[in-house]
Amino acid sequence: MQTALTLAAVMAHCAIVVLATAAYTAPTTSNFTWTANSKSFILNGQPYNIIGGQIDPQRVPKEYWAQRIQMAKSMGLNTIFSYLYWQDLEKYQGHWDFTDRNDLASWYKAIADAGMKAVLRPGPYITAERDWGALPGWLGIIPGMQTRANNAPFLNATINYFNHVGEVIQPYLVSNGGPILMTQIENEYGYVGSDMNYKSALSSGMAKAFPGIRHYTNDCPSCMKAGSVPGALAIVDGSGPKNQIPQIRQQISDTSMQGPLMDGEVWITWFDAWGPHKGHTGTADASGDIDWVLSQGAHFSLYMFHGGTNWGFGNGGENNPLTPHTTSYDYGAVLDETGRPASTYNNMRNAIAKHVSNIPAVPSNPPLQSVSSFTLTPVARMFDFKPTVITSSSPKTIEACGTVFGYILYEHKATASASGAIAVGTGAPRDRIIVLVNGVRQGTLDAIYKNRPTVNVSLKSGDTLQLLVENLGRQKSGQMDQVKGIVGSVSVGGQALTGWDHYTFPFDSPPNLSSSSNNSISVADTSAPTWYRGTFKNTQTPDMAADTFLDLPSFTKGLVFVNGHNLGRYWTIGPQQQLFLPGAWLHESSGENEVLVLDLSPRSGSRTASGKSTRRWGNNPDPDCNNCS
Ligand SMILES: *[C@@H]1O[C@H](CO)[C@@H](O)[C@H](O)[C@H]1NC(C)=O
Ligand SMILES: *[C@@H]1O[C@H](CO)[C@@H](O)[C@H](O)[C@H]1NC(C)=O
Ligand SMILES: *[C@@H]1O[C@H](CO)[C@@H](O)[C@H](O)[C@H]1NC(C)=O
Ligand SMILES: *[C@@H]1O[C@H](CO)[C@@H](O)[C@H](O)[C@H]1NC(C)=O
Ligand SMILES: *[C@@H]1O[C@H](CO)[C@@H](O)[C@H](O)[C@H]1NC(C)=O
């Protein structure tokens, strides 16, 4: 607490943060503690064995939270671990949103109502295959910002975030009789650094925002020392608890960091990434590992118990070349993306049942529904719905234009002739750039390919050059220089172009297509990005019985809204071929469900969609970059 006050005082004067190393004192509570160098957590005086699994509420429809938690309990789990996505809680700086999937109070209430406990993983940086590890994109243009570091602007924004979360979840802390037992400091920080001033500042901020709960750090075995904080329990993560758990005592000798042995992330399998040659990872059975952990009297959390979905634009990526993660975050998890048990669920349950009695029965879940094929009609161009223009002589980034996710359109009116190859910004494109002249698609540049084709254009005075740039997902490692859009200048045949109009498309909500008077527009193979619209009737009760996989054959790449919900990106290249459409978001059987599909690279021909009751994974060549690799 002393340190927290020092930090606050320093912040108030906007001075450089100087913190005493290891000044942090661990919070204690009479409710939840651990005994150094022993097996047990102690909750209300009794030993407590953490049999955990990860569910991130922000990847799950709120309507289904209680069902997902019940499925965890019915597998024998007693503790839900959750990352929080700062980037969704404060999408725009200073604009806090704790509604719908960001309604953390309701999330922890649902856990408490189920008689379960919780572990808080607020970051600020969390990995989790999220865009920038869930850091808000606007951090990228704050002067002097250094992410994941003992840096005044970063710590100021982070502690402000902790305080906002703290206000909401205060009643749910174990110190106030709630389910939240402890909180993790940063995430796998030992991979990238060991700065005790940074770690201490985070712990102090947490001690103030989430008072009375214990702290822990979570790292790979060889990173544990670098990531650890005196007074906080040091635990491991990774895919092999049999190898990892025994290394905890070898790595950590400070008794203030010792306690029950735990694998904070037993990885089930792995995530998927978009690419014509990238397959789906599938499920794996970790029941043998779990049985072993429990037989040792040790503790674990499954990563993921339930992965869920990157709704909208939440996915992250990796670099060199850019590898964006898919909309589905199924993760081969024990509970699949739709909340139904994967093939491994029963094996896991049986493994836990060897060590735990009175596991509740598994509730039955309805099958997914099929929806017959329905027609989607092209009704408007994406660029018919331009927001207010932002003008400058050289291109500005997406963040400098006031947003962080989605697309940004750059428009240049040629005042002289120019022809030849188009060069957009410095380094690799950020990230996928569709080039149009007078509304006709000329080609696509994309950072996902190492060998990108050249796109040539020919402009004469009066022509309009358009560059539609998509943020495919910031690198998940949380390093700096992740701003999106165009960084640098644009040239054609070596001639730099000046004078740009900018239009952002964050798609926080769908455009009002009915404000367009066009009933149907024509689409050619080189048309500009186009909205398609269709409706279907749901024959089921609007709940899990109406869940379906939305299949969009013949569409290339874009995003989908159903009844105003942004289901996320689809991309024919795969491996994900369908989008999870939660039945809870559909209307009663009498109502029409509205499906809006944006195709960024539309082609001629009719379009249909349908709902499938079973999922298909697979790959197709990229029609926009056929021979790219
Ligand atoms: C600290 O954060 C607050 C809230 O985000 C912001 O209004 C303020 O400008 C920041 N101050 C500094 C010095 O970064
Ligand atoms: C936790 O401890 C506090 C303070 O001793 C007490 O008021 C509260 O009721 C306890 N919570 C539970 C769940 O026992
Ligand atoms: C594209 O333009 C470059 C000059 O910028 C030229 O060297 C190249 O031959 C052109 N390619 C085609 C296919 O026209
Ligand atoms: C959409 O546009 C139509 C036609 O201009 C208008 O009547 C309607 O109110 C708009 N809806 C919304 C939600 O703005
Ligand atoms: C109708 O479609 C044309 C061609 O795509 C477009 O130029 C025009 O802006 C559209 N009208 C409205 C009202 O959206």
Side-chain angles (χ1 to χ4, degrees), residues 4 7-18 86-87 89-98 122-124 135-147 149-167 201-202 205 208-209 379-380 384-387 399 402 404 414 416-424 435 437 441-445 451-460 465 489-497 507-519 531 533 535 561-566 592 594 596 625-628:
L7 176 66
V10 168
M11 282 302 166
H13 294 95
C14 301
I16 293 163
V17 181
V18 184
W86 177 9
Q87 64 186 183
L89 299 170
E90 193 184 10
K91 189 187 271 186
Y92 303 102
Q93 188 175 15
H95 296 267
W96 292 92
D97 180 2
F98 288 97
L135 296 174
W138 47 262
L139 291 177
I141 55 166
I142 291 179
M145 178 65 58
Q146 200 61 49
T147 49
N150 184 37
N151 165 272
F154 185 66
L155 289 174
N156 178 37
T158 296
I159 284 162
N160 186 45
Y161 154 62
F162 287 165
N163 290 339
H164 276 83
V165 170
E167 275 172 35
L202 294 182
K208 217 175 151 202
V379 289
D384 291 344
F385 306 92
K386 284 179 182 163
E399 295 84 356
V404 291
S417 299
S419 63
I422 185 161
V424 182
V435 180
V437 174
R441 276 188 357 259
Q442 310 291 308
T444 304
L445 301 167
N451 303 307
R452 288 179 285 273
T454 303
V455 176
N456 279 16
V457 296
S458 178
L459 299 175
K460 56 185 190 317
L465 171 68
S489 59
V490 176
S491 64
V492 168
Q495 191 179 324
L497 305 179
F507 290 126
D508 295 326
S509 56
N512 184 356
L513 295 187
S514 58
S515 67
S516 159
S517 60
N518 296 334
N519 288 326
W531 283 103
R533 184 179 176 276
T535 59
F561 282 95
V562 175
N563 296 335
H565 296 270
N566 189 337
E592 301 245 290
E594 185 185 57
L596 306 178
C625 213
N626 207 343
N627 291 312
C628 291

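For ligands, and for the atoms within them, numbers begin at 1 and follow the listed sequence.
In this structure, the protein non-hydrogen atom closest to atom 4 (C) of ligand 3 is A421 N, 4.0 Å. Counting protein heavy atoms only, atom 10 (C) of ligand 4 is closest to N512 ND2, 2.3 Å. Of the protein's non-hydrogen atoms, N456 ND2, 4.1 Å is the one closest to atom 13 (C) of ligand 3.
The two residues N160 and E90 come nearest to each other via the heavy atoms ND2-OE2, 4.4 Å. Nearest approach of P153 to G144, heavy atoms of both residues: CG-O, 3.9 Å. F154 and T147 make their closest contact through CD1-CA, 3.8 Å (heavy atoms, listed as atom of the first residue, atom of the second, distance). Nearest approach of L596 to R533, heavy atoms of both residues: CD2-CG, 3.6 Å.
For ligand 4 and S514, the ligand atoms under 4.0 Å from any heavy atom of the residue are 1 (C), 2 (O), 3 (C), 4 (C). Which parts of ligand 3 touch G420 is read off a 4.0 Å heavy-atom cut-off, strictly below it: atoms 2 (O), 5 (O). Interface atoms of ligand 1 facing N160, defined by a heavy-atom separation under 4.0 Å, are 4 (C), 5 (O).
The closest non-hydrogen atom to atom 1 (C) of ligand 1, taken over N163, T158, N156, comes from N156.
For K386, the NZ atom counts as densely surrounded, since its 6.0 Å shell holds more than 12 non-hydrogen atoms of other residues, nucleotides or ligands.
Using cut-offs of 30° and 60° on the angle between ring planes, the pair Y161 and W96 is parallel.
There is no protein heavy atom closer than 4.0 angstrom to atom 7 (O) of ligand 4.
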